[in-house]
Amino acid sequence: MVNHVNNRTYPAFVYVVACLAGLGGFLFGYDTGVISGALLFLARDFDLSVFREEAVVSTLHLFAAIAALFSGFIADHMGRRWTILGAAVLFVIGGILMATAPSLALLLVGRAFVGLAIGTASLAVPLYVAELSPPAVRGFLVATYQLMVTIGIVVAYGIDLAFAPIEGWRWMLGLSIVPAAVLFLSMLFLPETPRWKLRRGKPDQARKILARMGHTPSEQERLIKAADKNLRAQKGGLPELFDRKLRPLLIIGMLLALFQQITGINTIIYYAPIIFEKIGLDSPHAALLATTSVGGVNVAFTIVAIWLVDRVGRRPLLIFGVGAMIVGLGALGGLWFLPDSEVKGILAVLCVMIYIAGFAVGLGPITWLFLSEVYPLRVRGVAMSCGVFINWIANFGVALTFLTLVDAIGAAITFWIYTALSMLCILFVIFFIPETNQKSLEEIEAAAIH
Ligand code: BGC
């Protein structure tokens, strides 16, 4: 396939790998998206209180955070590929447990397994794809992971709709087993990353994989030499991570991961129908239609990001995207002061779409891309763990507090808080996020450690 950035042809295998490993992203989107539709019915079957409903939803986030904390260490020691295989097994076990759960307790155990799987996949898949990618298309390929997340969310909405008439919450939760099994089988046949092989001192195996991923012989040699030089310059392990040279990068990654959540994305992804209903789209049909279009805009603008990320770079997309989020959120907050009318409902949908489009071109894909490409090979997994852990904890916190905040201080002020946080985020990006476009992972690493 001819690549759009440098008109070079890379083997189709390069794109197939990104899509198959991206199933980890699909499952992330599916399992976080599907629960809203399933909750309605399982709450009735198990006679759940609001607190127990919240437990069903948030167990996933807590366990994802726990897994994020450990999976970087596992990925550094066992390899990226085995870590994703482990995540696929956890997805399958979680899916089976949820679909067959005879009691709330077992349902929670199932959600915990899926949480562990998502936390692991959200670290290991971007890492795996980044380390396999040729530099010119790394943005494209890692952003494909985020595209799969957004597709997973939309498919989950669709499955919820399809099974609602038969109240089939077990189907909704259990169908995730299918992509999980495909992920497992695919990873049996996909290679380990060349960088991890180099870290293990196996340059010949690394060379073979690099060739399969479309690196020319001279690119392979240059990369192996550069990686070797970088590896010799470091000791690895935790002391290195908190070393004076790497500490700023570690903090920048953690802050970006935090901003991805505290600028409010999941208030929309999880609660869009409630928001639309509150602002006056009072027929459930209209609210649902609006929610589905939000999912569509998320997918569409992630495709825009994929197309642009290796052409214009990461920083411009982040700055433009967060700028759009500020406009959408600020206006959405203001709408609450208008008198009720049909126009108000339509404007609200428009504001939310501008916001989602901004997230989809910037913070959505680029957070994962940034975390997977800026850390040195010796500590890459562990360093990523810090960012991914913060991301899941913040996701948990925002999801848990949003409705309470709206009740306590009103929707307008709540959205303006997210607007203010987005303003902070844009300043943070302008002053602290380095550009990594078109550089090899080894060049990025050399700039960080030498
Ligand atoms: C975020 C998720 C979010 C999703 C929406 C991901 O990058 O980490 O929290 O739900 O994007 O597309």
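For ligands, and for the atoms within them, numbers begin at 1 and follow the listed sequence. Remember, it's a predicted structure, so these values are computed and weren't measured experimentally.
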Under 3.5 Å: donor-acceptor pair, side chain of Tyr270, backbone of Thr32: no

In terms of ring plane angle, is the pair Trp368 and Phe28 parallel, tilted or perpendicular, where the classes change at 30° and 60°? perpendicular

Pairing of Glu373 and Lys439 as salt bridge, 4.0 angstrom limit: no

Applying side chain to side chain contact (heavy atoms under 4.5 Å, CB included) between Ile118 and each of Phe63, Tyr30, Phe91, report the one that passes. Phe91

Any protein N/O atoms within less than 3.5 Å of an N/O atom in ligand 1? List the atom names and distances, or say none.
unit_1, atom_1, unit_2, atom_2, d
ligand 1, 7 (O), Gln146, OE1, 2.7
ligand 1, 7 (O), Gln146, NE2, 3.4
ligand 1, 7 (O), Gln260, NE2, 2.9
ligand 1, 7 (O), Trp368, NE1, 2.9
ligand 1, 8 (O), Gln260, OE1, 3.0
ligand 1, 8 (O), Gln261, NE2, 3.4
ligand 1, 9 (O), Gln261, NE2, 2.9
ligand 1, 9 (O), Asn266, ND2, 2.8
ligand 1, 9 (O), Asn395, ND2, 3.4
ligand 1, 10 (O), Asn266, OD1, 2.6
ligand 1, 11 (O), Gln146, NE2, 3.1
ligand 1, 12 (O), Gln146, NE2, 3.4
ligand 1, 12 (O), Asn298, ND2, 3.0

Are the side chain of Ser385 and the backbone of Ala68 linked by a donor-acceptor contact shorter than 3.5 Å? yes

Do the ring planes of His61 and Phe396 sit parallel (below 30°), tilted (30 to 60°) or perpendicular (above 60°)? tilted

